[in-house]
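Reading through the structure tokens given below for one structure.
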Amino acid sequence: MSTENVKVVVRCRPMNERENELKCKKVIDINKFNCTLSNPNDRSLDGDNKTFTFDGAYDCNGCTETLYNDVAYPCVASIVEGYNATIFAYGQTGCGKSFTMQGVTKPPQQIGIIPRTFGDIFEAAQATKCSSFIVLA
């Protein structure tokens with residue numbers, strides 16, 4: 001990841017049960033920094049694909065734990081050092097914001113960014129002997 005103050009990261013969630021039942025086609029290909037979208041109705045060989053570049057890109061096979069370690073944990077480390085940090089999830093309805101931010105409890109690798117963040121912040125506060133922390137709600 002870069003050292004810029006603002007990062008734009010994309011994550012593709014796994015298909016849900018309904019999408020699997022409808023036999024929906026995967027129309028996105030993701031590598032470390034790029035997302036390529038294809039039109040499932042385009043039958044030409046050269047296809048009219050669109051590629052977008054981000055600071056990080058995570059496909060539907062990835063786990064929230066990896067995303068958290070790469071993107072969110074550096075924010076937590078900054079928070080513990082006294083800096084402000086924001087993680088902002090944006091996207092259309094059903095695109096996976098809640099799946100990423102809240103997560104699911106099983107498997108443990110898919111626990112969301114929010115519970116992981118709170119856990120790490122409180123763990124750091126307990127482990128730090130020479131500083132005190134005030135948590136405001």
Side-chain angles (χ1 to χ4, degrees):
M1 292 304 232
S2 67
T3 58
E4 297 294 324
N5 290 332
V6 175
K7 293 178 180 59
V8 178
V9 178
V10 65
R11 180 189 193 186
C12 181
R13 66 159 172 77
M15 285 197 197
N16 61 35
E17 187 176 320
R18 181 175 179 272
E19 292 162 338
N20 286 326
E21 288 172 1
L22 293 171
K23 298 190 182 350
C24 293
K25 295 178 184 176
K26 180 181 169 188
V27 297
I28 188 166
D29 183 43
I30 297 178
N31 67 31
K32 193 170 185 169
F33 300 105
N34 299 312
C35 295
T36 302
L37 302 175
S38 59
N39 180 346
N41 298 321
D42 186 356
R43 303 207 191 290
S44 65
L45 293 176
D46 57 352
D48 189 22
N49 297 338
K50 305 287 185 206
T51 300
F52 302 91
T53 302
F54 300 92
D55 294 304
Y58 298 83
D59 71 6
C60 59
N61 298 316
C63 66
T64 307
E65 183 175 37
T66 302
L67 176 65
Y68 177 78
N69 290 335
D70 293 348
V71 178
Y73 186 76
C75 293
V76 172
S78 293
I79 290 168
V80 172
E81 292 174 3
Y83 295 97
N84 291 324
T86 300
I87 298 170
F88 181 75
Y90 177 81
Q92 86 181 60
T93 300
C95 71
K97 299 177 301 291
S98 296
F99 180 79
T100 297
M101 297 303 288
Q102 295 173 343
V104 293
T105 55
K106 292 180 184 173
Q109 298 85 359
Q110 297 293 30
I111 293 171
I113 287 175
I114 294 170
R116 288 177 189 278
T117 299
F118 281 127
D120 283 346
I121 289 171
F122 284 107
E123 185 178 304
Q126 283 182 327
T128 304
K129 303 293 183 207
C130 59
S131 297
S132 61
F133 292 87
I134 298 172
V135 178
L136 302 173

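Everything numeric in this text was worked out from a predicted model, so none of it was measured.
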For the atom pair [atom1] ([X]) and [atom2] ([Y]), what is the distance rounded to the nearest 0.5 Å?
X	Y	atom1	atom2	value
T36	K50	OG1	NZ	11.5 Å
I111	K106	CD1	NZ	11.0 Å
M101	F88	CE	CZ	10.0 Å
E65	N69	CD	CG	5.5 Å
L22	N16	CG	CG	9.0 Å
L37	C12	CG	SG	9.0 Å

In short, M15 meets K26 closest at the heavy-atom pair CE-N, 3.6 Å
For A57 versus C35, what's the shortest heavy-atom pair and its separation? CB-SG, 4.1 Å
If only atom types and distance count, is the side chain of [X] paired as donor or acceptor with the main-chain N or O of [Y] below 3.5 Å?
X	Y	answer
K7	G56	no
R13	T100	no
D59	G62	yes
Q126	E123	no

So if you build clusters from Ile, Leu, Val, Met, Phe, Trp, Tyr with side-chain heavy-atom gaps below 4.5 Å, do [X] and [Y] land together?
X	Y	value
F122	Y73	yes
F33	V10	no
V27	I30	no
I121	Y68	yes
V8	V71	no

Indicate yes or no: at least one non-hydrogen side-chain atom of [X] is less than 4.5 angstrom from one of [Y].
X	Y	answer
N84	T86	no
F99	Q110	yes
N34	T51	yes
V9	L67	yes

Angle between ring planes, F54 versus F52, binned at 30° and 60°: parallel, tilted or perpendicular? tilted
Assess whether side chain to side chain contact (heavy atoms under 4.5 Å, CB included) is satisfied between D48 and N39, documenting all intermediate values. CA-CA 7 Å; D48 189 22; N39 180 346; 5.9 Å; no
